[in-house]
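No experiment lies behind these values; they were computed from the predicted model shown. Every number for a ligand or one of its atoms is a count from 1 in the order of the listing.
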Amino acid sequence: MRVICPFLRGFLPGILVGLFTSLLFFSIWRHPSNNLDTHLQYTERLDQTPRREANANGPRNGPTSTERSDRSPEENEADWTRRIAKLAETSKVAIPGAFDLLVLVHSAAEQRSLRDAVRLTWLQRGSPNGEYVARFVIGTRYLDDSTLAGLATENEEHGDLLVLSDVEEDGNTEWPSSWKILQAFSWAVTHVDFATLFKCNSATFVDIDRLLAKRLTPQRGTIWGYFAGGVKAVRYSENSVAKEENWILCSHYLPYPQGGGYIISRNIVELLVEMGPHLDHYRHDDIALGVWLSPLRGIKKQHALWINSGYYSRGCLNSFVVSHAESVESMEAKAGSLERKGRLCESEYQSRLAYHYNWTVSASRCCVRKVGIH
Ligand SMILES: *[C@@H]1O[C@H](CO)[C@@H](O)[C@H](O)[C@H]1NC(C)=O
C-alpha cells in the first residue's frame, strides 16, 4: 500500500478532474437546447449534398442536355433565360382536376436532397387515383441565375415545383415565413380545386395512404394539427431561426398548430386569403396561424396525436401519420419499414411525452405532458 498510495496521490486529482470534465461535457452534449444546433448542423450538412450533385451534372459545371458545348455563350445564356422564365411560370399554371387533398411542401432551393428523399419515399407528384396533388413551394427572390437554372432542370424532370418569385427564403430553410405561406395559400385557392390543404416541410415524412384514409375532406371549418400553447416567445436570439422580432402581443405565443404538418379545410384557407391584406406577418407560418385563427369563431381545432410535427420529434410511434424533423436516412428507413413490415417504425420509442390539449383552460395550462399519452 505504501508503494501504491503516493502513486495514487499524484494521479487521483488528475483522474477526478478528467472524470468531472467528461461528465460536464456529456451533460452539455445531452442538453436539449443543443439539439437545435445539432439539428441545424445536420440540415446544413444535408444541404451540401445537392450542391455537389448540382456541380456534377447541373448547369453550374459543364453543359447539361439542353446546354450543349457547340453553342455560343450567347445562345446558352438565351437558353438559361428562357428556362428560368418557364420555371417562374409554374405559379401561373392551374392544376386541372378536383382533389381531396392538396399537399404543399415548404422547401428552400438548397434542400434538393430532402426533396428527392420525399419524392422517393412518400410523395408522388399526384396520386394514381387522383385523390391528391402535391407541389414543393420554393421562394426564389434574390436567387442567382445558376441556382434558378438548377431548379429549372429539377422541374423539367419532376414537374412538381411551385415557384414564388416574390418570396425570399430569408435564410430560414426549416420554416416558411407567414408571408410565404399566405402567398402559397393565395395561389392554391385560385389554381387548384381542393377540399383540404396539407402543409408540411421538406423534413416531413407522411404515411400518405393513412392520411387519405382518414377522410378529413367532408369536415369544413377544421384545422388538424399538434397544437402548442404557453410557448415562451423568442424575440431576440443568436439563432436566427428561432426568433420572432415582430412579436409584441404577449410574452408567450398564442396557441398554434406546429408547422411540421397541419391540415386545413378549404373554407379556412379562403378566409385567410381574403383577410390577407390586413394580417400581420411573422417569421414562422405556424406562429402566424396561431394569431390569425385566434379571434375567429366556428373553427374546430383538432389536436391530433397522430401528427408529430414539432421542431423536436416525439420519437417514432406506429400511430404517427405525420412525422417531422426527419432526415434523408430516417425517411428511407420509415418507407422501407412500411413497405416490408407494414408499420412505420423499425422499433417504437418516445423521446418526448405527449399531451391532450385542454381547450377549456388558459394556454399556460393547456398542455400537460403525461406518461401513457401516445
Ligand atoms: C381541462 O382542465 C380542467 C381544469 O383543470 C379540468 O377540469 C378538465 O377535466 C380538463 N379537461 C381535459 C379534457 O383534460
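When all heavy atoms are compared, the tightest approach of Asn308 to Ser313 is ND2-OG, 3.1 Å.
Applying the 4.0 Å criterion to heavy atoms of Val361 picks out, from ligand 1, the atoms 2 (O), 3 (C), 4 (C). Each of the atoms 1 (C), 2 (O) of ligand 1 lies under 4.0 Å from some heavy atom of Thr360.
By the criterion of side-chain heavy atoms lying less than 4.5 angstrom apart, applied directly or through intervening Ile, Leu, Val, Met, Phe, Trp or Tyr residues, Leu296 is grouped together with Ile263 in one hydrophobic cluster.
Closest to atom 3 (C) of ligand 1, if we only count protein heavy atoms, is Asn358 ND2, 3.5 Å.
Between the side chains of Ser127 and Asn129, no donor-acceptor pair of N or O atoms lies under 3.5 Å.
Less than 4.0 angstrom separates atom 9 (O) of ligand 1 from none of the non-hydrogen atoms of the protein.
Side-chain contact check for Val167 versus Arg141: every heavy-atom pair is 4.5 Å or farther apart.
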